[in-house]
K.L.:
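Below is the structure I would like to discuss, written out as structure tokens.
Every heavy atom of this structure was used, including side-chain atoms; hydrogens, water molecules and symmetry mates were not. Chain naming here is simple, since letters A, B, ... match the order of the sequence lines and numbering starts at 1 in each.
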Amino acid sequence: MRLSRYFLPTLKETPSDAQIVSHRYMLRAGMVRQASAGIYSWLPLGLRVLRRIEQIVREEQDATGAREILMPTIQPADLWRESGRYDDYGKEMLRITDRHDRDMLYGPTNEELITDIVRREIKSYRDLPQNLYHIQWKFRDEVRPRFGVMRGREFLMKDNYSFDLNYEGARHSYNKMFVSYLRTFARMGLKAIPMRAETGPIGGDLSHEFIILADTGESAVYCHKDLLGFDITDQDIDFDADLQPIVDHWTSLYAAADEMHDPDSCPVAKEDLLEARGIEVGHIFYFGTKYSDAMNAKVTGPDGNEVAVEMGSYGIGVSRLVGGIIEASHDDRGIIWPDAVAPFHVGLINLRVSDDACNAACEDMYAKLMAAGIEVLYDERDASAGAKFADMDLIGLPWQVIVGPKGIGAGTVEVKRRATGETENLSPEQAIAKLAG
RNA sequence: CGGGGUGUAGCUCAGCCUGGUAGAGCACCGGCUUUGGGAGCCGGGGGCCGGAGGUUCGAAUCCUCUCGCCCCGACCA
């Protein structure tokens, strides 16, 4: 992509209403613009990151056997009256009336809709288990939106819902998501720690929040420091196998969010206890037959009797992750994208567009990088070197290739790793080989 | 929803206390010169000072009401 033909409105100065670092950088890097409190438009660079994250989530969901659907943003109020939540939800739910004076709402979540779909179509235990997900915009009319996209009113969320015949099946569905979430966040370059969460009226041990650590996290978290060394990426997972050992391993060490932590009864020795700030990026829980009972979602079991299906629901805050990743990965010059979610792999900087040799070298490099399947953002604007360096550091692409008259004379280009600042002078061929590898 | 703050050019802000008809830097447009970490000079465009009402000869400035946005708390993916 040629930068002069892209839409990347970067800001040199920090907009005054952005306080935390991810919000400031998302505005400055031209990723989003605010439409209203907690509601954002996504500009090209931000959208690319959002799509990257979404795709990783999608692939990891598919790998578990979950199936993607797409439910609407606007839902009829009647379904929520069935479950009893229309009155319970309060002002967080955005209520709308259509032209026929029917009560509608902008969905804050989708248990009612999915339960309605499943109860119509799933009649026999033979049709179970089932796990359906979608990635869709939600709206919760937060009293106080803040932190940019991390606590918006409108947000993109992956949510899915599992349906099983019995508790054992539901538990396996839950474990699948538990393991899947570990893999999903690890692929994004994040260290996410599962923590016991409040389970509400159902009780039991089947609710976990997945929290990434960042100094600016919104809540305090406490965990055994050895948890940071756990790794899920070094093993192949068979989602049909018993996943309980993996879950047991990850839950063997203490980890608790603020509201679940009691310093007096904490089993971890002080020197082993990590106190940090965290951002919740995922939440999974089992809720049994809460909705299937209320909404009459039953199947005929092997014994010929009807039973309410066992359900669980699982959420990942896709748009929140964009901010969360920045919180976890930045420096004082800008964003440092993990490779897996970076909007482009390489930023190519032409330091002197008025120089024929420099242009020719850049054009050649640009064409060859693209031919190698590498996503490149090519800064061929007629701007000062300093401005280009500053913008490229700000938008945080993993690699920079800097082409200027100095290097051209020596037959080299400069390859810089954004995260470390390390640079190497390489021939164009060596540079391409390095970036492709 | 309680408490606090803020609204002046695209952005960051000054001017307000002590009323006299709007400014700076950056950005933008034109020209020339520059060119390895947000360049220089010259010229230019852009603002019903969030909105409504009031006081006054006169309001960005004082008063009242209202709306937006931000921060702290309670609440939350």
K.L.:
Answer yes or no: does a side-chain N or O of R144(A) lie under 4.0 Å from OP1 or OP2 of C72(B)?
P.N.:
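For C72(B), OP1/OP2 do have a side-chain N/O of R144(A) under 4.0 Å.
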K.L.:
With a cut-off of less than 4.0 Å, is there a side-chain N or O of S16(A) near OP1 or OP2 of C13(B)?
P.N.:
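For C13(B), OP1 or OP2 has a side-chain N or O of S16(A) closer than 4.0 Å.
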K.L.:
Does C41(B) pair with anything, Watson-Crick or G-U wobble, both distances under 3.5 Å, and if so, with which nucleotide?
P.N.:
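G31(B) is the nucleotide pairing with C41(B).
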K.L.:
Watson-Crick or G-U wobble partner for A74(B), using a 3.5 Å limit on both distances?
P.N.:
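Paired with A74(B), as far as the under-3.5 Å criterion goes, is no nucleotide at all.
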K.L.:
With rounding to the closest Å, how many angstrom separate the P atoms on U18(B) and C11(B)?
P.N.:
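31 Å, rounded to whole Å.
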K.L.:
With a 4.0 Å limit, can you tell me whether S36(A) has a side-chain N or O closer than that to the phosphate oxygens OP1/OP2 of C69(B)?
P.N.:
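So the side chain of S36(A) is within the cut-off, an N or O lying under 4.0 Å from OP1 or OP2 of C69(B).
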K.L.:
Roughly how far apart, to the nearest Å, are G15(B) and C71(B) at atom P?
P.N.:
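G15(B) and C71(B) have their P atoms separated by 24 Å.
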K.L.:
Say whether R171(A) and Y167(A), considering side chains only, have a donor N or O and an acceptor N or O under 3.5 Å apart.
P.N.:
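Side-chain D/A pair, R171(A) to Y167(A): present.
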K.L.:
Between U66(B) and A9(B), how far is it from one P atom to the other, in whole Å?
P.N.:
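Here U66(B) and A9(B) have their P atoms 25 Å from each other.
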K.L.:
Under 4.0 Å: is that the gap between some side-chain N or O of K12(A) and OP1 or OP2 of U12(B)?
P.N.:
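No, outside the criterion.
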K.L.:
Is the shortest side-chain N to carboxylate O distance from D339(A) to R418(A) below 4.0 Å?
P.N.:
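No, this pair does not count.
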K.L.:
Between Q34(A) and C70(B), does any side-chain N or O lie under 4.0 Å from OP1 or OP2?
P.N.:
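True: Q34(A) side-chain N/O within range (under 4.0 Å) of C70(B) OP1/OP2.
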K.L.:
F285(A) vs H283(A) aromatic rings, parallel, tilted or perpendicular, using cut-offs 30° and 60°?
P.N.:
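Correct class here is perpendicular.
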K.L.:
Sort out for me which residue in F178(A), Y286(A), Y181(A) forms a ring pair (Phe, Tyr, Trp, His ring centres under 6.0 Å) with H208(A).
P.N.:
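For H208(A), the ring pair (Phe, Tyr, Trp, His ring centres under 6.0 Å) test succeeds with only one of F178(A), Y286(A), Y181(A), which is F178(A).
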